[in-house]
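These notes are about the structure you will find just below.
Note that the coordinates shown come from a computational prediction; the quantities given were computed from them, not determined experimentally. Counting from 1, the numbers follow the sequence of the chain as shown.
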Amino acid sequence: MKDKLEGVRGYKQISLKRFSRTISHNLKLLALSRGQNLYELHDQIVGEFVCSEANLIKPIVNETYSYSVFIGPEAQELAASLSMKLKVTESEIIYSALVSFADKLLLNHSLAALKK
């Protein structure tokens, strides 16, 4: 078995049904600017969130955009253990991780809104 995963193989896909299109777009741009794959960024964000034990964020009801997140085995294990501890789903952990990360870096605002 290889120590390094190639591509997205070995990563778990989680679909978030109500996610911000703006955050989604800005995460893609951030990954491009850092020269890393989007799934690597997802993995990093979830891993940091679980280790920091930050607060969960409730999904915004009026969002209708679906977003697929890929996390690696280590981050998946951390998210699963935290979800069992808090008695919530893994997708709630991942949603909270992405939204809190976006809040920290102001990725939850469109570029046009920041220019004003």
Side-chain angles (χ1 to χ4, degrees):
M1 186 169 174
K2 295 180 180 179
D3 290 329
K4 185 173 175 154
L5 297 172
E6 292 182 24
V8 78
R9 288 187 184 172
Y11 281 65
K12 180 179 180 183
Q13 179 181 7
I14 297 175
S15 296
L16 303 175
K17 299 295 180 202
R18 298 180 187 270
F19 196 73
S20 167
R21 185 180 294 268
T22 303
I23 293 174
S24 166
H25 179 72
N26 288 335
L27 286 173
K28 290 175 191 170
L29 293 176
L30 180 64
L32 282 172
S33 71
R34 290 182 175 182
Q36 69 183 144
N37 292 315
L38 186 58
Y39 63 86
E40 292 171 335
L41 180 63
H42 291 157
D43 198 51
Q44 175 187 349
I45 292 169
V46 172
E48 289 174 4
F49 178 81
V50 171
C51 292
S52 70
E53 296 184 15
N55 294 329
L56 292 179
I57 297 171
K58 296 288 181 194
I60 299 169
V61 177
N62 61 353
E63 292 290 349
T64 59
Y65 184 70
S66 293
Y67 187 65
S68 292
V69 180
F70 294 89
I71 58 171
E74 290 178 21
Q76 180 183 342
E77 216 173 273
L78 291 170
S81 66
L82 183 61
S83 72
M84 287 177 58
K85 180 180 171 185
L86 298 177
K87 295 184 174 116
V88 295
T89 62
E90 281 182 47
S91 59
E92 288 179 72
I93 303 288
I94 292 165
Y95 177 89
S96 296
L98 295 174
V99 171
S100 65
F101 180 81
D103 287 345
K104 279 188 233 172
L105 298 181
L106 298 177
L107 299 177
N108 54 349
H109 302 289
S110 67
L111 187 57
L114 293 175
K115 287 184 176 181
K116 291 181 182 181

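- The two residues Leu41 and Leu27 come nearest to each other via the heavy atoms CD2-O, 3.5 Å.
- Residues passing the side-chain hydrogen bond (donor to acceptor under 3.5 Å, both in side chains) test with Glu92, sequence neighbours excluded: Thr89.
- Between Ser96 and Asn55 there is no side-chain heavy-atom pair separated by less than 4.5 Å.
- Leu29 and Leu98 fall into different hydrophobic clusters, where Ile, Leu, Val, Met, Phe, Trp and Tyr side chains are chained together by heavy-atom contacts under 4.5 Å.
- In this structure, CZ in Phe49 is found 12.0 Å from CG in Leu78, a value given to the nearest 0.5 Å.
- In this structure, CZ in Phe70 is found 9.0 Å from CG in Leu38, a value given to the nearest 0.5 Å.
- To the nearest 0.5 Å, the span separating CG on Leu107 from NE2 on His25 amounts to 10.5 Å.
- When only modelled atom types and interatomic distance are considered, His42 and Tyr67 share a side-chain donor-acceptor pair under 3.5 Å.
- Contact check for Val69 versus Tyr95: no side-chain heavy atoms found under the 4.5 Å cut-off.
- Taking each heavy atom of Leu16 and Ser91 in turn, the nearest pair found is CD2-O, 3.7 Å.
- Leu32 and Leu30 fall into different hydrophobic clusters, where Ile, Leu, Val, Met, Phe, Trp and Tyr are joined by side-chain heavy atoms under 4.5 Å apart, directly or via other members.
- Linking Ile, Leu, Val, Met, Phe, Trp and Tyr residues whenever their side-chain heavy atoms come within less than 4.5 Å places Leu105 and Phe19 in a single cluster.
- Taking each heavy atom of Glu63 and Ser20 in turn, the nearest pair found is OE1-CA, 3.6 Å.
- To the nearest 0.5 Å, atoms OG (Ser81) and CD (Gln76) are separated by 11.0 Å.
- For the pair Ile23 and Asn108, the tightest heavy-atom approach, listed with the atom from each and the gap, is CG1-CA, 3.6 Å.
- The shortest non-hydrogen separation linking Phe101 to Ile45 is CD2-CD1, 3.4 Å.
- Among residue pairs with one or both ends in residues 27-37, those qualifying as side-chain hydrogen bond (donor to acceptor under 3.5 Å, both in side chains) are Asn37-Tyr39; sequence neighbours excluded.
- Across all their heavy atoms, His109 and Asn26 have their closest contact at O-ND2, 3.1 Å.
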